[in-house]
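Since this is a predicted model, take the numbers as computed values, not measurements.
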Amino acid sequence: MGKFTEYIGSQFGNPRGIVGKICCIIMNVINNKMYIKTVQMISLPEKSRVLDIGYGNGYLLKLLDKSGKKYELYGIDISEDMKKKASKKNDKAFREGRLHLETGDCCALSYENEFFSAVTSINTVYFWSDISKGMSEIYRTLTQNGTFYNVVYTKEWLDKLSYTKKGFKKYDAKILEKLSREAGFSDVEVHDIVKGRSFVVVCRKK
């Protein structure tokens, strides 16, 4: 059972194959309040560039597109399998030339400085190779007054789950707030999504 739970945990960090697709569907369900909260917080002019880190099967990008704003939707994910799945799920944005997906590491973004109006991350920070570098890269690529929405489960909640025992770097709100400020964000707020279970760190670039 230990090896199996480790395997499932690894799929959340790098979804691949049939099991990865199933895990993404599960994540869409259990993370739904996180997705909804994130979409509600983002209100930008049309054609604004939004980057989703760890886009998975493209669920959040789809919700953003259904919000009515024709954003330029960008995404970076470590999984090549998910790039195909997310492109298919967001076929309308793809056909209109507004979907731009890459495979790669958020700690080494290929985008130019001050490129995005908003960056989102739903439960991906646990898997970053270097969180300080990742935060700095996000800060670099955000425009002035751009915002990073870092959505996570609490450390206490993750500690209760069997599949998070290995491969997950868990953070509490104070640590994430500190790391955000060290990356350059001077305006940082923490908001509960489900009290005691999940929250969002809102980081604005001033």
Side-chain angles (χ1 to χ4, degrees), residues 24 27-77 82-83 85-87 89-102 106 109 111-126 128 134-153 171 173 176-177 179-181 183-195 197-206:
C24 275
M27 284 189 279
N28 294 163
V29 174
I30 64 178
N31 297 339
N32 195 49
K33 289 183 180 179
M34 293 175 154
Y35 294 124
I36 291 172
K37 179 68 173 178
T38 304
V39 172
Q40 288 174 342
M41 288 188 295
I42 297 175
S43 180
L44 296 165
E46 289 203 356
K47 297 185 179 180
S48 294
R49 301 187 189 108
V50 180
L51 171 68
D52 185 30
I53 294 172
Y55 53 78
N57 63 6
Y59 189 82
L60 177 64
L61 294 171
K62 182 73 172 179
L63 288 181
L64 283 169
D65 207 35
K66 288 172 70 176
S67 69
K69 298 284 187 70
K70 288 186 177 290
Y71 296 135
E72 291 291 321
L73 301 172
Y74 288 76
I76 185 165
D77 197 290
M82 290 301 103
K83 183 178 179 181
K85 189 72 175 175
S87 296
K89 183 180 286 289
N90 291 276
D91 60 322
K92 182 175 182 290
F94 178 78
R95 284 186 278 105
E96 293 177 355
R98 296 184 293 106
L99 186 69
H100 318 273
L101 302 181
E102 290 189 7
C106 71
L109 296 175
Y111 311 103
E112 62 191 59
N113 295 349
E114 300 191 359
F115 192 73
F116 298 109
S117 298
V119 176
T120 62
S121 164
I122 312 291
N123 291 323
T124 72
V125 70
Y126 327 122
W128 295 5
M135 291 281 195
S136 295
E137 280 290 87
I138 291 166
Y139 183 85
R140 177 184 67 79
T141 57
L142 274 171
T143 60
Q144 290 299 120
N145 299 313
T147 307
F148 172 41
Y149 302 91
N150 191 8
V151 184
V152 296
Y153 282 110
Y171 304 93
L176 289 178
E177 184 176 357
L179 290 166
S180 301
R181 292 187 184 281
F185 293 101
S186 58
D187 185 354
V188 182
E189 299 175 355
V190 177
H191 301 281
D192 286 331
I193 296 175
V194 177
K195 192 168 181 61
R197 182 178 297 191
S198 57
F199 61 93
V200 54
V201 184
V202 182
C203 311
R204 296 183 180 87
K205 181 176 179 178
K206 295 297 187 180

Quiz prompt | Non-hydrogen side-chain atoms of D52 and L73 separated by less than 4.5 Å | solution = no
Quiz item: Between M135 and N150, is any pair of side-chain heavy atoms under 4.5 Å apart?
Solution: yes
Self-check item: Aromatic plane relationship, Y111 with Y74 - under 30° parallel, 30 to 60° tilted, over 60° perpendicular
Solution: perpendicular
Quiz item: Can you name the nearest heavy-atom pair linking V188 to E177, along with the distance?
Solution: CG1-CG, 3.7 Å
Quiz item: Which pair of heavy atoms, one from S180 and one from C203, lies closest together, and at what distance?
Solution: OG-SG, 3.4 Å
Exercise. Calculate, to the nearest 0.5 Å, the distance between atoms CG and SG belonging to D77 and C106 respectively.
Key: 10.0 Å
Self-check item: Close side-chain approach of W128 to T124, heavy-atom, < 4.5 Å
Solution: yes
Self-check item: Full working for side-chain contact (heavy atoms from CB on, under 4.5 Å) between V119 and I53
Solution: CA-CA 7 Å; V119 176; I53 294 172; 3.7 Å; yes
Quiz item: Does the pair Y153 and V194 meet the rule for a side-chain contact (heavy atoms from CB on, under 4.5 Å), with working shown?
Solution: CA-CA 9 Å; Y153 282 110; V194 177; over 6 Å; no
Quiz item: Going from CZ on F115 to OG1 on T141, what distance comes out if it is rounded to the nearest 0.5 angstrom?
Solution: 9.5 Å
Self-check item: Validation row: S121, F148 side chains within 4.5 angstrom (heavy atoms)
Solution: yes
Exercise. Could you tell me whether a side-chain N or O of R98 sits under 3.5 Å from a main-chain N or O of E72, the two making a donor and an acceptor?
Key: no
Practice problem: Apply the side-chain contact (heavy atoms from CB on, under 4.5 Å) test between N145 and each candidate in K205, K206, R204; give the one that qualifies. | Solution: K206
Quiz prompt | Flag side-chain contact, heavy atom, 4.5 Å: M41 against T147 | solution = no
Quiz item: Checking side-chain contact (heavy atoms from CB on, under 4.5 Å) against V201, which of V125, L176, V151, L179 comes through?
Solution: L176
Quiz item: Are the side chains of L60 and Y55 in touch, meaning some heavy atoms are under 4.5 Å apart?
Solution: no
Quiz item: Looking at side-chain heavy atoms only, is the closest gap between Y71 and E46 below 4.5 Å?
Solution: no
Quiz prompt | Value rounded to 0.5 Å, distance of CD in E96 from CG in D65 | solution = 7.0 Å
Self-check item: Side-chain heavy-atom pair K37, K33 within 4.5 angstrom cut-off
Solution: no
Quiz item: When rounded to the nearest 0.5 angstrom, what is the spacing between CG in L63 and CG in N32?
Solution: 7.5 Å
Self-check item: Heavy-atom closest pair, residues N90 and G58
Solution: ND2-O, 3.1 Å
Quiz item: What pair of heavy atoms forms the shortest contact from S87 to L99, and how long is it?
Solution: CA-CD2, 3.9 Å
Quiz prompt | Test side-chain contact (heavy atoms from CB on, under 4.5 Å) applied to L51 and I138, L142, T120, I76, the passing residue | solution = I76
Exercise. Test the K89-Y59 pair against the cation-pi criterion, namely NZ or CZ under 6.0 angstrom from the six-membered ring centroid and within 45° of the ring axis.
Key: no
Quiz prompt | Atom pair NZ/CG of K83 and L101 - distance to nearest 0.5 Å | solution = 7.0 Å
Exercise. Measure the NZ-NZ distance between K70 and K92 for me, rounded to the nearest 0.5 Å.
Key: 3.5 Å
Practice problem: Give the minimum heavy-atom separation between M82 and N57, together with the two atoms involved. | Solution: SD-N, 3.9 Å
Self-check item: Trace of the side-chain contact (heavy atoms from CB on, under 4.5 Å) decision for L44 with K69
Solution: CA-CA 8 Å; L44 296 165; K69 298 284 187 70; 5.6 Å; no
Quiz item: Considering all heavy atoms of both residues, which atom of A183 and which atom of S136 are nearest to each other, and what is their separation?
Solution: CB-N, 3.9 Å
